[in-house]
Structure formats: structure tokens, C-alpha cells
Number of protein chains: 4
Amino acid sequence: MASSTARGSSGTVKLRADAARNRTQVLAAARTAFRELGTAAPLDEIARRAGVNIATLYRRFPDRDALIRQVVVDGFTLVLQAAQAALQSAEQDPLGAIENYLLQVVDQRDLIVLPLAGGPVTDDPEANALQQQIAAALDELIATARTKGAIRTDVTAVDLTITSVLICRPMPYLPTEDATALVTRHARIFIAGLAPGAAQPLPAPPAYEDITSRHLSQTI
Amino acid sequence: MASSTARGSSGTVKLRADAARNRTQVLAAARTAFRELGTAAPLDEIARRAGVNIATLYRRFPDRDALIRQVVVDGFTLVLQAAQAALQSAEQDPLGAIENYLLQVVDQRDLIVLPLAGGPVTDDPEANALQQQIAAALDELIATARTKGAIRTDVTAVDLTITSVLICRPMPYLPTEDATALVTRHARIFIAGLAPGAAQPLPAPPAYEDITSRHLSQTI
Amino acid sequence: MASSTARGSSGTVKLRADAARNRTQVLAAARTAFRELGTAAPLDEIARRAGVNIATLYRRFPDRDALIRQVVVDGFTLVLQAAQAALQSAEQDPLGAIENYLLQVVDQRDLIVLPLAGGPVTDDPEANALQQQIAAALDELIATARTKGAIRTDVTAVDLTITSVLICRPMPYLPTEDATALVTRHARIFIAGLAPGAAQPLPAPPAYEDITSRHLSQTI
Amino acid sequence: MASSTARGSSGTVKLRADAARNRTQVLAAARTAFRELGTAAPLDEIARRAGVNIATLYRRFPDRDALIRQVVVDGFTLVLQAAQAALQSAEQDPLGAIENYLLQVVDQRDLIVLPLAGGPVTDDPEANALQQQIAAALDELIATARTKGAIRTDVTAVDLTITSVLICRPMPYLPTEDATALVTRHARIFIAGLAPGAAQPLPAPPAYEDITSRHLSQTI
DNA sequence: GATGAATGAGTTTTCATTCAT
DNA sequence: AATGAATGAAAACTCATTCAT
């Protein structure tokens with residue numbers, strides 16, 4: 001999928017084997033470079049890490065934005081998979097399903113580059129579509145849990161969204177294991193806070209529409 | 001303070017009025033530029049936003065690092081104040097004190113630029129000192145709360161630290177109010193999760209020392 | 001004028017002496033480079049010829065277009081001066097005035113870089129204004145000459161315009177003197193052809209409006 | 001001819017049908033690209049316009065020069081045909097023959113890419129030969145006309161040459177019909193100026209030898 | 001014979017930093 | 001103290017050319 005095809009003017013096309021390999025390597029290098037250096041990371045540094053010539057990078061991704069977009073789409077795909085996997089067990093164990101979702105996001109946070117300081121994600125249709133699917137899945141997850149009385153009634157899918165974003169923010173100067181350990185703890189405490197009866201009611205979240213499209217496309 | 005003095009070879013000196021004003025403006029511009037563009041934001045862009053010449057910026061801050069350092073120190077100062085303020089009420093209402101701390105950080109998150117992707121904070125003695133004071137205050141806050149049985153026993157000051165970091169991460173493409181609303185909700189749920197009896201015990205956090213000094217100076 | 005001022009967002013500003021000198025040199029270098037290599041001439045080659053750093057060139061002219069535009073405007077200015085000078089003697093000697101105009105353009109053709117292959121002139125207001133003044137002056141020149149019966153009645157100002165363009169086209173691989181000699185002869189024959197009674201009536205020219213604005217701005 | 005053969009080490013060879021078609025398309029694309037963008041036009045842009053792969057272009061034309069050379073030779077061929085056609089009627093109507101020549105050049109100017117700013121034509125034997133034949137034909141045309149007293153005695157074949165060059169210069173930003181109309185008028189006026197008795201004697205042209213070979217090969 | 005792909009060598013453009021006013 | 005200006009070095013981007021399929 002993302003790793004072996006490219007979109008041209010006439011839809012998705014199959015790449016030659018070596019080209020597909022290069023494309024994958026560039027994306028992997030971009031992912032880590034973006035996390036370490038921000039989305040303004042030098043493109044030739046990315047090419048170097050990927051072991052390809054800078055012009056090869058440009059052949060696959062005509063500009064920085066195209067590269068960012070694909071990295072983001074790849075990340076969104078993983079998030080969607082986590083959400084859909086969680087839905088499987090939502091009926092039996094709603095809170096556990098939410099926990100599974102968040103912890104899976106934590107585990108894969110190195111691969112999930114949500115838009116960072118330094119560069120917007122333009123309105124990419126693929127990203128937008130994924131985003132809506134994620135929202136739908138999280139909505140269902142929350143609805144199921146609420147129906148079963150497994151979570152506070154004032155928690156919404158938006159809260160899972162923003163938590164996903166925060167969890168995935170890179171912390172470049174912490175060793176990966178430490179960052180993961182800290183974020184895991186954070187997620188666990190957050191999940192505990194989802195349980196009903198615990199606390200004061202939450203203030204109203206912004207309307208989902210207000211943070212969608214352009215805006216949310218930037219942050220998850 | 002930070003806005004009207006500068007450290008030279010002979011210690012802190014009083015600036016001329018216009019110079020002090022320029023310095024303040026540069027710091028404000030840097031703060032927002034860092035949040036929007038990352039700490040690699042062009043220095044002349046910062047000068048432009050501050051309405052001063054690039055050479056004037058250089059006169060105040062010999063290099064990018066000096067500028068970052070001061071912005072971070074200003075942010076740390078605010079965090080420390082929030083922590084110390086919270087300590088005042090810790091005896092009477094420990095969980096409320098923690099809540100006060102976190103919500104105050106949320107409220108001021110626009111002013112708190114904790115180190116971002118794109119540039120490390122070098123070992124600044126002033127930043128390090130503040131960081132230790134923050135750690136001490138949060139330690140005391142947690143200790144008091146734990147003694148009073150107001151929080152789960154497996155929660156530590158480190159959890160407050162990492163939460164502060166996550167809360168303050170910029171979300172450049174969300175309108176400020178929306179970002180704040182979302183983060184506020186996140187903080188409230190997290191705080192609820194701090195209450196005792198709620199959940200499964202947490203995994204052990206990394207040793208505080210492991211994430212301190214160079215490392216933590218980068219992430220809080 | 002063009003050599004010592006620059007237009008910023010707040011109108012025309014006086015340049016520092018050294019900056020003005022650099023600006024002039026860059027324009028001179030651009031003029032010849034454009035004639036020799038086309039408007040796609042490497043900008044660093046132009047900077048080199050001007051004896052300034054490439055970044056200095058960019059400081060004065062934010063992109064290639066700005067540079068082209070100014071070179072064109074400078075050329076248009078010379079053409080306008082030639083047309084207005086010719087008007088002085090139009091009453092006494094109409095055909096001689098036209099001849100003076102064309103031969104003056106020939107003489108200065110090295111300084112007159114009318115838009116060349118390789119780069120459009122965007123709709124620059126200054127260029128457009130000059131162009132209209134040129135058209136007005138040539139119109140008057142032709143009208144006077146026609147009234148006096150000094151030229152064929154089917155000749156129009158457009159014919160002078162297009163002739164100016166052709167005359168000024170660079171011939172990079174001819175020695176300057178040869179090119180000038182050849183073009184001078186060409187102009188003289190053309191002028192002879194303007195006399196009345198000589199030849200068959202010409203086919204109608206395109207409407208002036210049709211070749212004005214965007215279009216004519218490209219060719220004179 | 002030019003469109004269906006290629007010169008290899010063993011002389012001219014017949015191309016396979018598809019190869020010949022590709023070659024023709026490349027030449028046509030090159031012709032327009034050169035007129036629009038100058039002879040420095042990107043080769044892959046030319047390949048794109050021709051609908052062939054860049055490597056296919058290279059197979060036919062080993063370098064840019066070979067491509068330019070063929071385009072120029074094709075143009076020279078058309079010019080020669082026009083000159084020779086004009087010679088047919090030179091005896092009966094000398095001035096009409098000259099007019100026929102120039103107007104035919106005007107009509108075909110889109111197909112005639114005489115060397116442009118941006119790149120020299122190397123000394124191609126085929127081009128040189130054509131050029132000499134053109135010069136001979138124009139010489140004869142002028143000689144005949146002069147003998148018959150149909151033109152001014154100070155006009156030479158060089159004047160026809162330079163006029164041909166000027167006429168053919170591309171005016172990329174004018175609609176083709178407008179450009180042609182304007183140039184047609186220009187040519188008609190010029191032709192009128194050729195008639196005897198009209199004007200002051202012209203200054204001497206540069207010696208034919210001085211502008212021949214390398215130089216003239218660049219400009220006609 | 002044709003093409004997708006890769007690359008090295010430019011060229012353009014930006015930016016941190018220093019200098020002269 | 002502040003600014004306009006200049007510059008070297010880096011980064012973005014393009015393009016001619018060759019190679020493998």
C-alpha cells in the first residue's frame with residue numbers, strides 16, 4: 001500500500017521493485033527525522049539516512065509537503081487500525097477496549113507522526129478520509145462504553161482524539177524507552193480518570209465541527 | 001525581571017528603557033514563533049515580528065541558544081510559580097492543589113515554551129536550578145497528597161512533570177481557545193485518574209535521575 | 001531614479017550609497033546577461049558580473065521576476081524618452097522625427113531589454129504606465145505625420161511599436177557593431193517604406209486593444 | 001527527410017516507423033519549446049511535450065546541440081525553399097519575388113527557429129551549406145532586381161538576411177495570429193522601402209565575410 | 001526500441017552572522 | 001543603541017545524463 005505505490009495524475013500505480021524499496025526507505029527516514037528534527041528537517045539529511053540521492057527523494061515526493069502528507073497518512077492508518085481493533089472487544093469489555101486502543105497508540109507512537117510544529121498538513125483527501133473513519137470508530141467506541149456504563153457520561157470521542165495527539169508528540173531528547181514508559185503511565189492514569197463516578201463534571205468540549213476539517217486535520 | 005535585565009560579564013545590568021522594551025518584544029515574538037514554527041524558526045522572522053532589526057536581536061541575544069534559554073527560563077519560572085502556589089493549599093486540599101497546579105499550567109501554556117523538536121536546551125544553570133526547584137515542589141505536592149491519602153500511591157512527581165510537558169506542547173493549527181478547551185478536558189480527566197482506588201496499579205516509572213539533567217532539561 | 005531607489009511596501013525609499021551602487025551594478029549586469037544568455041541567465045552569474053554576493057542581489061530583487069521587471073522598466077523609460085524627444089521636432093519635420101525616434105532606439109538597443117524568450121513580464125504597474133505613455137507619444141507622432149501628409153495613411157503607431165521590438169531583439173552571437181550596423185540599415189529601409197505613395201495598401205493591423213495590456217506589455 | 005532519417009556512423013539510415021514518428025514529434029516539440037522557452041528549454045520538458053520518454057529523446061539526439069542543429073537545419077531548409085521559389089519569378093517581377101520570399105518566411109515563421117538567445121549553433125556542415133545556398137539565392141534575387149532597376153541600388157542580400165532573422169524571432173507572449181499580422185505589416189513596409197528613389201542612401205553594411213560563418217550561422 | 005528509475009552536478013533560495021553607518 | 005547592508009554557508013530544488021528493465 002503506502003509502501004509500494006504512488007499516486008500520479010492517473011491514480012495509483014505499481015512501482016518497480018527498486019523504486020518501491022527506495023520509497024519505503026525514504027518514508028522511514030522521514031518519519032524518524034521528523035520526530036527528531038521537526039518537519040523542517042533537511043530533506044537531504046532524510047535522503048542520506050534513506051541511502052538514496054536527494055533527486056530520488058524528489059522524484060517520489062515532489063515537495064516537502066507531499067512527504068509529510070504520506071508520513072501522516074501512514075500514521076493515521078495505524079491509528080485507524082488500533083481503533084478498529086479495539087472495537088472488536090468493545091462489547092465484552094468497553095473500558096478495556098479503550099485502554100487497548102490508547103496503549104496500542106502508545107506502543108506505535110514512533111511510527112505515528114501527527115503534524116508537528118513547523119509544517120501544516122494541507123487538506124489531503126486521503127488524510128481527511130482516514131480522519132473521519134477514526135472519528136467514527138472512536139465515536140462508536142465511546143458510545144458503546146457509555147451505553148454499558150463503563151465510562152463517565154461527559155467523556156467524548158474528542159477526548160480520545162486529543163489524547164492520541166498528545167501521546168504521539170515526539171520527545172526527541174528522551175531515550176525512547178523512557179519516553180514510552182512515561183507516556184504509558186500517563187495514558188494509564190488518564191484511562192483511570194475515564195471511569196464513572198470519579199470526579200467533577202467536565203467543562204464542555206469545543207464542537208466537533210469546529211475542530212474538524214482544516215483544523216483537526218492538522219492535529220490528528 | 002527577565003524582561004528588563006540582561007546578564008553581561010559583570011552580572012545583571014539595568015537596560016535603557018527602549019532597550020528593555022525591545023528585549024521584551026523579542027522574547028514575546030520568539031515565544032510565539034517557537035510555538036508556531038519550532039525552535040528552528042528563522043531569527044529574522046522573530047526580529048520582524050518583534051518590530052526590531054535583526055542586529056538588535058543579536059545585540060540582546062548573542063545566538064539562538066541564548067534566546068531559547070531565556071524563553072525556556074521564563075516558562076520554567078511560570079511553572080515554578082504555579083507549583084509553589086499550589087503548595088500553599090496542599091495541606092487543606094491536596095488533590096485540589098494538584099488540580100490548581102495543572103490547570104494553571106494549562107491556562108498559561110501559551111507562555112510556556114518547553115523545549116521542542118528542533119533544538120536542545122543546553123545546560124543552562126538557571127534553567128537547571130529552576131527545574132530542580134520545580135521537581136522539589138512537585139515532590140512535596142505529591143508527598144503531601146500521598147500522606148493524606150488523596151492520591152493513588154503509585155503516582156509520582158514524574159507523572160506531573162510529563163503531564164506538564166504534554167499539556168504545554170503547541171498545537172499550532174488549532175485556534176487557541178479550542179486547544180485550551182481540549183487540553184483542559186484532558187487535564188481534568190487525568191486528575192480524576194489520580195484519585196485512589198480507581199484503577200490497576202501503574203507500571204514503574206523510569207528513575208528520576210535517568211530522565212533528569214540533560215534529558216529532562218530538554219523535555220520540561 | 002531606477003538606479004538609486006527601491007520600492008518597498010511603503011513606497012519608494014532612498015538607498016544607502018553603497019547599496020545604490022550595488023543595485024546599479026546588478027541591473028547593468030542583468031541587462032547584458034539577459035541579452036547574452038536570455039532571461040533564464042543564472043542569477044549567480046549576474047551577481048558575479050556585478051561583483052556582489054548572490055544574497056545581495058536577492059536583497060534588492062526578491063526573485064528573478066523583480067529583476068527582469070526593473071530591467072524592462074529601465075528600457076521602457078529610454079524608449080519613452082526617445083519618443084518624447086522625437087515629438088519636439090514633429091511639427092517641423094514629421095518623417096525626420098520618426099527617423100530620429102527609431103535611430104535613437106537602435107543606438108540604445110543594448111540598454112533596452114524588451115521581454116525575451118524564457119520569461120514573461122508580469123503585469124507591472126510601472127511598466128504598464130510607461131507602455132501607455134509610449135503608445136500615446138507614438139500615436140501623436142504618427143497623427144502629426146499623417147496630418148502633414150508625411151507618411152502613408154495606413155501606417156499606425158502599432159507599426160512603430162513592433163518595429164521597436166524587432167530592433168531591440170538581442171543578437172548575441174553578432175559583434176555589437178555589426179548588429180547595430182545591420183539593424184540601422186534595416187531601420188532606414190523601413191523608414192523609407194513609410195513615405196506615402198510608395199506601395200500597395202497594407203492589410204489591417206490587429207486592433208490595438210487586442211495586443212495591449214498583458215500582451216503588448218510582453219513585447220514592448 | 002529530416003523527420004524519418006537519422007545520421008549514424010554509417011551515413012543516413014531508415015528508421016522503424018514508430019521511431020520515425022517519435023523523432024518527428026520530438027523535433028516538433030523542440031521547435032515550439034525553443035520558441036517559447038529559448039534553446040535552453042529543459043530537455044525533459046521537450047520529451048514530455050513530444051509524449052516520449054526522455055531516454056527516447058536521447059536515443060535520437062545524443063545531446064542538446066544535435067537537437068538544436070536539426071531544428072535549425074529544418075528551418076534553414078524552409079528558408080532556402082522560399083528563396084528558390086522566389087527566384088522562379090524574379091525575372092518577370094523582381095520586387096514581387098522579393099515580396100513573395102519575405103511573406104513566405106513570415107507565414108512559416110513558427111517553423112523557423114533561427115538561433116536564439118541561450119545557446120549557440122555549433123558549426124554544423126549541413127547548416128553551413130544551407131546557409132551558403134540561401135545567401136547565393138538571395139544574392140541572385142537582389143542582383144536580378146537591381147539589374148531591372150526594381151530596387152534601390154544600395155540594398156544588398158545582407159539586408160534580406162537580417163530581415164529574415166528579425167521576422168522569425170519568436171514573440172512568445174503574443175497570440176500567433178497577432179504576431180503574424182504585425183510582422184506581416186512590418187515586412188510590407190520594409191518591402192515598400194526597397195523601391196528605388198525613395199530615400200537617402202544607406203550607410204555601408206558590414207562586409208559579408210565579417211558576419212558569416214560562426215556569426216551568421218548564429219543569426220540566420 | 002522504449003521506458004522507469006537513479007544520480008551528480010548544478011542553480012536557486014534562504015538564513016545566521018558580521019560589518020559599517 | 002539601533003539599523004541597513006553584505007556575505008558565506010547551507011538547504012531546496014532542477015536538470016542533463018546514464019543505467020537497468
Side-chain angles (χ1 to χ4, degrees), chain A residues 6 8 13-23 40-48 51-64 67, chain B residues 15-23 40-48 51-65 67, chain C residues 6 8 13-23 40-47 51-64, chain D residues 15-23 40-48 51-65 67:
Chain A
V13 285
K14 198 103 194 127
L15 289 182
R16 228 168 64 179
D18 52 347
R21 187 168 57 253
N22 283 342
R23 187 169 185 279
L43 292 185
D44 55 3
E45 167 71 11
I46 293 176
R48 214 183 41 69
V52 304
N53 186 281
I54 176 68
T56 299
L57 183 154
Y58 271 94
R59 166 177 260 275
R60 288 296 145 236
F61 304 97
D63 53 24
R64 178 186 298 278
L67 186 53
Chain B
L15 289 181
R16 224 169 69 178
D18 54 345
R21 189 170 54 252
N22 283 344
R23 187 169 186 281
L43 291 185
D44 53 5
E45 166 73 11
I46 293 176
R48 215 182 42 69
V52 305
N53 187 278
I54 176 68
T56 301
L57 182 154
Y58 268 91
R59 170 172 287 271
R60 287 298 142 236
F61 302 96
D63 53 24
R64 178 187 297 279
D65 241 44
L67 187 52
Chain C
V13 286
K14 198 104 194 124
L15 288 182
R16 228 167 64 180
D18 51 347
R21 187 170 55 253
N22 283 343
R23 187 170 185 279
L43 292 184
D44 57 1
E45 166 72 11
I46 293 176
V52 304
N53 186 280
I54 175 68
T56 299
L57 183 154
Y58 270 92
R59 166 175 261 276
R60 286 298 145 236
F61 304 97
D63 52 25
R64 179 185 298 277
Chain D
L15 288 182
R16 222 169 69 179
D18 54 345
R21 189 170 53 253
N22 283 343
R23 188 169 186 280
L43 292 185
D44 52 6
E45 166 72 11
I46 294 175
R48 213 182 44 68
V52 304
N53 188 278
I54 175 68
T56 301
L57 182 154
Y58 268 92
R59 171 172 286 272
R60 285 299 142 237
F61 303 97
D63 53 25
R64 177 187 298 279
D65 241 45
L67 187 52

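In what follows, chains are A, B, ... by sequence order, proteins preceding strands, each numbered from 1.
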**Q.** Closest heavy-atom pair and its distance - D:A41, D:R64
**A.** O-NH1, 2.8 Å
(Q) If I compare all heavy atoms of A:A47 with all of A:L57, which pair ends up nearest, and what's the gap? (A)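 Distance-wise, the nearest heavy atoms are N-CD1, 4.0 Å.
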Q. Closest nucleotide of DNA chain F for B:T56 versus for A:P42: which of these residues is on the 5' side?
A.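 So the residue in question is B:T56.
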Q. If a stem is a run of at least 3 consecutive Watson-Crick or G-U pairs, both distances under 3.5 Å, which stems include DNA chain E?
A.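 The stems that DNA chain E takes part in, listed by first number, are E:2-21 with F:2-21.
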Options [options], nucleotide nearest the side-chain atoms of [X]:
X: D:I54; options: F:dT17, E:dT7, E:dT12; result: F:dT17
X: C:Y58; options: F:dA12, E:dT12, F:dT17; result: E:dT12
X: D:V52; options: E:dA2, E:dT3, F:dA6; result: E:dT3
X: D:N22; options: F:dA6, E:dA2, F:dG8; result: E:dA2
X: C:R59; options: F:dA6, F:dC13, E:dC19; result: F:dA6
X: D:D44; options: E:dG4, E:dG1, F:dC15; result: F:dC15

To the nearest Å, give me how far apart [atom1] ([X]) and [atom2] ([N]) are.
X: B:D65; N: E:dA16; atom1: CG; atom2: C1'; result: 13 Å
X: B:L57; N: F:dG4; atom1: CG; atom2: P; result: 14 Å
X: C:L43; N: F:dA12; atom1: CG; atom2: C1'; result: 15 Å
X: C:F61; N: E:dT13; atom1: CZ; atom2: C1'; result: 16 Å

Q | Spacing of OH belonging to D:Y58 relative to CG belonging to D:N53, to within rounding of 0.5 Å | A |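 Separation between the atoms: 11.5 Å.
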(Q) Distance check, rounded to the nearest 0.5 Å: B:E45 atom CD versus B:I54 atom CD1? (A)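 Rounded to the nearest 0.5 Å, the CD-CD1 separation comes out at 10.5 Å.
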Q. How would you label the contact of B:D18 with the nucleic acid (heavy atoms, under 4.0 Å): base, sugar-phosphate, or nothing?
A. sugar-phosphate
Q: For C:A41 and for A:G51, locate the closest nucleotide of DNA chain E by heavy-atom distance; then report the residue assigned to the nucleotide nearer the 5' terminus.
A: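 Per heavy-atom nearest nucleotide, the more 5' residue is A:G51.
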Q.
Need to verify one output field. Residue with the more 5' nearest nucleotide on DNA chain E, D:N53 or B:R64?
A.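 The residue mapped nearer the 5' terminus is D:N53.
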Q. Under the side chain to side chain contact (heavy atoms under 4.5 Å, CB included) test, which residues partner D:F61, sequence neighbours left out?
A.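 So D:F61 forms a side chain to side chain contact (heavy atoms under 4.5 Å, CB included) with D:R23, D:V26, D:L27, D:A66, D:L67, D:Q70.
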Q) Is the distance from OP1 or OP2 of F:dA2 to the nearest side-chain N or O of B:R60 less than 4.0 Å? A)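 Yes, such a contact exists.
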